[in-house]
Amino acid sequence: VAINTGAGVQGSGGDISMTVGTGNMGDGGDIIGVAGETTDAGAVGGRVSITGGAGTSTDAADGGDGGDVVVTAGKAFGGNAVTDIGGDVLVSAGEATSAVGGAVKVMSGFSESTSSGNVEVATAAAGAVGVSGDVLIDTGATTVGDTGMMAVSTGRATQGNSGGAYMTTGDSFYGLTGNVELTTGAATSGDAGDIKLTVGQGDTNNGGDVVTTAGPTTAAGMAGGAIVLTAGAGLSTDSADGGNGGDVVITAGKAFGGNAVTDIGGDVLVSAGAAASAYGGAVEVTSGFSDATSSGAISLTTANAGTAGVSGGVLVTTGDTTQGESGTVAINTGAGVQGSGGDISMTVGTGNMGDGGDIIGVAGETTDAGAVGGRVSITGGAGTSTDAADGGDGGDVVVTAGKAFG
């Protein structure tokens, strides 16, 4: 069955129009197009093909555009804000009894000379009241096997930049802006999925950055957004081995260059926030607490030197001031209950060439007239027990010069 209109000369070809008449009872009449089925083994059922008309003029000024394919669901004119819903547009691929179900492919048009067309998926703006519609992308559930992957990728560029991938929530004028949340699913009998942020490798200029910035605020009395990195908890309470909490690992990049002066490994920089009027932010490093036993250690160690060079130094310095005292450097161990307070130990490492390393303690000088330079005070610990039988002794101060073994 063929329905064709004739070609037009000095005018357009005739339209083909199918319109169902208006009714006043029941649902409106349908337009149903069904391609033919086949009972032949190995053959394919008929397809439904809808193609917009080609703009075949090659005129360089304006040859005309290809015709659109427009699919629009029916408008609902009823006044009920709950039940009178506009018609849906449903696109479903064919089911299969044994093999894989059919795919749904949406692809923009190719251009022989310039850019390909866009693919836009958007919900309409809300009316006088209500919210705009959601955009939901979901892969189906499975009973045996993996669920489908969701991949969002921009195309490869041969000469030029590849396209960016952006996930942005809209602005808000009288409320909160939306969250951006990346969450992997929970696993019942296996590992939960990872979240990975990786910058691709380049061969010109510096490598790409990973930049994470919390939100600023202009509200009085409020604080800017925090950046919180928390490793996963080991939730098992098994007494034999319940598992450990996850680590937080921050490692700067390795330098593979061969220049011993300029090819330096990346730094790890931790800086608290500056302040215009009040105190600058603090940097606090605290080891983990244990409900049952010792708290964790804090280890500040430079790496061993390679085949040449020296190991890195450890520098603890407070900043200079223009008015007032500079900051204090305090090294204290905690008080002990049912045990002694921890030791403070300073030991210079052994060397096999030259003199041994020094321990130098110098109190502060002063340029103020009539003032006194800082003093060096070394005091043995007090034995503060008042027990009459044996309250304990005060600690000794022992100064011993080095022994010569030659």
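The structure presented is a predicted model; accordingly, all values stated were derived computationally and were not measured.
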Distance-only check: which donor-acceptor pairs under 3.5 Å involve side-chain atoms of residues 280-302, not counting sequence neighbours?
{"unit_1": "Ser287", "atom_1": "OG", "unit_2": "Gly296", "atom_2": "O", "d": "2.5"}
{"unit_1": "Ser290", "atom_1": "OG", "unit_2": "Ala292", "atom_2": "N", "d": "3.2"}
{"unit_1": "Ser290", "atom_1": "OG", "unit_2": "Thr293", "atom_2": "N", "d": "2.9"}
{"unit_1": "Ser299", "atom_1": "OG", "unit_2": "Thr301", "atom_2": "OG1", "d": "3.1"}
{"unit_1": "Thr302", "atom_1": "OG1", "unit_2": "Gly312", "atom_2": "O", "d": "2.8"}

Requested in this report: Go through the structure and list residues passing side-chain hydrogen bond (donor to acceptor under 3.5 Å, both in side chains) with Asn179, not counting sequence neighbours.
Outcome: Glu181
Report summary line: Sequence neighbours excluded, the answer for side chain to side chain contact (heavy atoms under 4.5 Å, CB included) partners of Ala43 is Thr38, Asp40
Distance-only check: which donor-acceptor pairs under 3.5 Å involve side-chain atoms of residues 129-150, not counting sequence neighbours?
{"unit_1": "Thr139", "atom_1": "OG1", "unit_2": "Gly148", "atom_2": "O", "d": "3.2"}
{"unit_1": "Thr142", "atom_1": "OG1", "unit_2": "Gly145", "atom_2": "O", "d": "2.7"}

Requested in this report: Might you confirm whether atom CD1 of Ile195 has over 12 heavy atoms from other residues, nucleotides or ligands at distances under 6.0 Å?
Outcome: yes
List, one per line, each side-chain donor-acceptor pair under 3.5 Å for residues 332-355, sequence neighbours excluded.
{"unit_1": "Thr333", "atom_1": "OG1", "unit_2": "Gly342", "atom_2": "O", "d": "2.8"}
{"unit_1": "Ser345", "atom_1": "OG", "unit_2": "Thr347", "atom_2": "OG1", "d": "3.4"}

Query raised in the report: Backbone N or O of Ala255 within a donor-acceptor pair of the Asp263 side chain at under 3.5 Å?
Result: no
Just list the side-chain donor-acceptor pairs under 3.5 Å for residues 93-115, sequence neighbours left out, or say none.
{"unit_1": "Ser108", "atom_1": "OG", "unit_2": "Gly117", "atom_2": "O", "d": "2.5"}
{"unit_1": "Ser111", "atom_1": "OG", "unit_2": "Ser113", "atom_2": "N", "d": "3.3"}
{"unit_1": "Ser111", "atom_1": "OG", "unit_2": "Thr114", "atom_2": "N", "d": "3.0"}

**Report entry** Where Thr318 and Thr328 come nearest, the two heavy atoms and their spacing
**Finding:** CG2-O, 3.7 Å
Report summary line: Taken in chain and number order and not counting sequence neighbours, the residues that satisfy side-chain hydrogen bond (donor to acceptor under 3.5 Å, both in side chains) with Thr262 are Asn259
Show the atom names and distances, to 0.1 Å, of all donor-acceptor pairs under 3.5 Å that link a side chain in residues 214-237 to residues at least two apart or in another chain.
{"unit_1": "Thr217", "atom_1": "OG1", "unit_2": "Ala219", "atom_2": "N", "d": "3.1"}
{"unit_1": "Ser236", "atom_1": "OG", "unit_2": "Asp238", "atom_2": "N", "d": "3.3"}

Query raised in the report: Under the side-chain hydrogen bond (donor to acceptor under 3.5 Å, both in side chains) rule, what pairs show up with a residue in residues 44-71, not counting sequence neighbours?
Result: none
Query raised in the report: With sequence neighbours excluded, what pairs up with Val211 under the side chain to side chain contact (heavy atoms under 4.5 Å, CB included) test?
Result: Asp209, Thr213
Requested in this report: Output the distance between atom OG1 (Thr317) and atom CG (Asp320), rounded to the nearest 0.5 Å.
Outcome: 9.5 Å
Query raised in the report: For Ile378, does the CD1 atom sit with more than 12 other heavy atoms under 6.0 Å from it, leaving out its own atoms?
Result: no
Report task. Not counting sequence neighbours, which residues clear side chain to side chain contact (heavy atoms under 4.5 Å, CB included) with Leu269? List them please. Result -> Asp267
Query - Contacts of type side chain to side chain contact (heavy atoms under 4.5 Å, CB included), residue Thr72, not counting sequence neighbours - result: Val70
Query raised in the report: Where is the tightest heavy-atom contact between Gly46 and Ala35, given as atom of each residue plus distance?
Result: O-CB, 3.0 Å
Requested in this report: For residues Ala192 and Gly185, report the shortest heavy-atom separation together with the two atoms involved.
Outcome: CB-O, 3.7 Å
